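If you're wondering where the values come from, they're calculated on a predicted model, not measured in any experiment. One-based numbering along the sequence shown.
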Amino acid sequence: MFENLKGKNNTNGFKENPQNINKKGRPKKGFVYVNKFLQEKGYEPVSKKEYSEFVAYMINCTEEDLKKLYIDKSLPLYLRLMIEEMRNPKTRSLVIRDLRDFIFGKAVENVEVKQKARVLTNEELDAEIEMYEKFSHLMSLKY
C-alpha cells in the first residue's frame with residue numbers, strides 16, 4: 001500500500017475511514033482567495049474616502065478628460081469601467097444617480113399622513129380576529 005499520504009497512513013478507503021470524506025467537495029475560490037492573491041501582488045484596498053474623492057472629482061470632469069482617463073491602460077480596470085459607464089448615454093443617468101446618492105445620500109422624501117389612527121383595545125382586537133377567522137372560513141368553502 002501507499003506509505004504516506006499527506007502525513008496519514010490510512011489508505012484503506014472511505015469505508016474504514018469515513019472521517020476522511022469531504023462531503024462538501026473542494027472549497028471554491030472566493031473573496032479570501034482573490035484578496036490574498038491581490039495582496040501578494042502588492043495591491044492595497046481602496047478606502048471609502050479615496051472612493052468618495054474619486055467620485056467627487058468625476059462629477060467635475062469634462063468629457064475630454066474622461067476620454068483621456070478611459071484610454072489610459074495603466075489605470076485599474078474598475079476605474080476605467082466606471083468612466084466608460086459615465087460616457088455611455090444608455091447608462092449615464094443611472095450612474096450619475098447612483099454616484100450622487102453615494103456622495104450626498106438619497107433625497108429625503110417626506111410623506112404626510114392625514115388619516116388619524118387609533119389603537120384597538122384587546123376586546124376590539126379579539127372581535128376583529130374572530131370576524132377575520134369567520135370570513136376566512138367562508139372563503140375556503142367551495143360552492
Side-chain angles (χ1 to χ4, degrees), residues 1-140:
M1 287 275 149
F2 297 102
E3 285 302 314
N4 192 348
L5 184 64
K6 292 188 179 179
K8 298 178 184 174
N9 287 324
N10 49 8
T11 57
N12 299 328
F14 291 129
K15 286 185 179 181
E16 279 80 30
N17 298 297
Q19 73 277 5
N20 293 344
I21 298 173
N22 185 356
K23 293 180 181 176
K24 294 182 180 179
R26 183 178 179 191
K28 293 182 173 68
K29 294 180 179 177
F31 290 108
V32 173
Y33 171 81
V34 173
N35 288 346
K36 185 176 178 185
F37 173 80
L38 294 174
Q39 192 175 33
E40 288 171 357
K41 289 224 166 230
Y43 289 98
E44 293 289 326
V46 176
S47 69
K48 186 174 181 179
K49 181 182 181 215
E50 290 171 322
Y51 185 80
S52 297
E53 285 179 3
F54 164 73
V55 172
Y57 282 119
M58 281 198 34
I59 290 172
N60 289 322
C61 276
T62 64
E63 188 173 357
E64 189 62 35
D65 288 338
L66 286 177
K67 185 177 181 180
K68 287 178 185 174
L69 289 169
Y70 176 71
I71 60 175
D72 183 357
K73 301 280 187 191
S74 68
L75 284 177
L77 178 62
Y78 183 83
L79 298 180
R80 292 181 48 236
L81 291 174
M82 284 184 66
I83 293 167
E84 179 183 28
E85 292 293 310
M86 287 284 290
R87 295 179 63 224
N88 184 341
K90 292 180 181 178
T91 58
R92 184 179 299 147
S93 62
L94 295 173
V95 173
I96 289 171
R97 184 191 67 214
D98 289 346
L99 296 178
R100 181 191 62 225
D101 290 347
F102 178 79
I103 294 291
F104 303 109
K106 289 191 174 207
V108 178
E109 294 182 31
N110 293 327
V111 178
E112 186 178 328
V113 179
K114 294 182 180 181
Q115 185 175 2
K116 292 186 179 182
R118 67 179 189 86
V119 177
L120 296 176
T121 64
N122 286 338
E123 294 80 20
E124 291 172 321
L125 183 58
D126 290 340
E128 289 288 329
I129 292 171
E130 186 178 330
M131 187 171 64
Y132 172 76
E133 288 172 348
K134 286 180 185 176
F135 184 72
S136 297
H137 176 68
L138 290 175
M139 294 302 292
S140 66

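- Proximity of V34 to K29: side-chain heavy atoms (C-beta onward) are nowhere separated by under 4.5 Å.
- Residue pairs meeting the side-chain hydrogen bond (donor to acceptor under 3.5 Å, both in side chains) criterion with at least one partner in residues 85-101, sequence neighbours excluded, are E85-T91.
- Applying the side-chain hydrogen bond (donor to acceptor under 3.5 Å, both in side chains) definition to pairs two or more places apart or across chains, none involves residues 30-42.
- Atom CZ of F102 is separated from atom NZ of K48 by 5.5 Å, given to the nearest 0.5 angstrom.
- Considering every non-hydrogen atom in both V108 and N110, the closest pair reads CG1-OD1, 3.7 Å.
- Applying the side chain to side chain donor-acceptor pair (under 3.5 Å) rule to S136 yields no partners; only residues at least two apart in sequence or on another chain are considered.
- By the 4.0 Å N-to-carboxylate-O rule, E63 lies too far from K67 to be salt-bridged with it.
- Residues M131 and E128 have side chains in contact (heavy-atom distance under 4.5 Å, counting atoms from C-beta outward).
- With a 6.0 Å radius and a threshold of 12 heavy atoms from other residues, nucleotides or ligands, Y51 has its OH atom above the threshold.
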Using a 3.5 Å cut-off and no angle test, enumerate the donor-acceptor pairs between side-chain atoms of residues 73-82 and protein atoms at least two apart in sequence or in another chain.
| unit_1 | atom_1 | unit_2 | atom_2 | d |
| --- | --- | --- | --- | --- |
| S74 | OG | D72 | OD1 | 2.6 |
| S74 | OG | D72 | OD2 | 3.3 |
| R80 | NE | Y70 | O | 2.9 |

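- For the side-chain contact (heavy atoms from CB on, under 4.5 Å) test, residues two or more places apart in sequence or in another chain that qualify with I129 are L125, E133.
- Residue pairs meeting the salt bridge (charged side-chain N to carboxylate O under 4.0 Å, His left out) criterion with at least one partner in residues 110-124, sequence neighbours excluded, are R118-E124.
- Considering every non-hydrogen atom in both I103 and A56, the closest pair reads CD1-N, 4.2 Å.
- To the nearest 0.5 Å, atom CZ of residue F54 and atom CD1 of residue I83 are 5.0 Å apart.
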Verdict with supporting geometry, L69 and M58, side chain to side chain contact (heavy atoms under 4.5 Å, CB included): CA-CA 10 Å; L69 289 169; M58 281 198 34; over 6 Å; no
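- Here the CG atom belonging to L66 is positioned 11.5 Å from the CD1 atom belonging to I71, to the nearest 0.5 angstrom.
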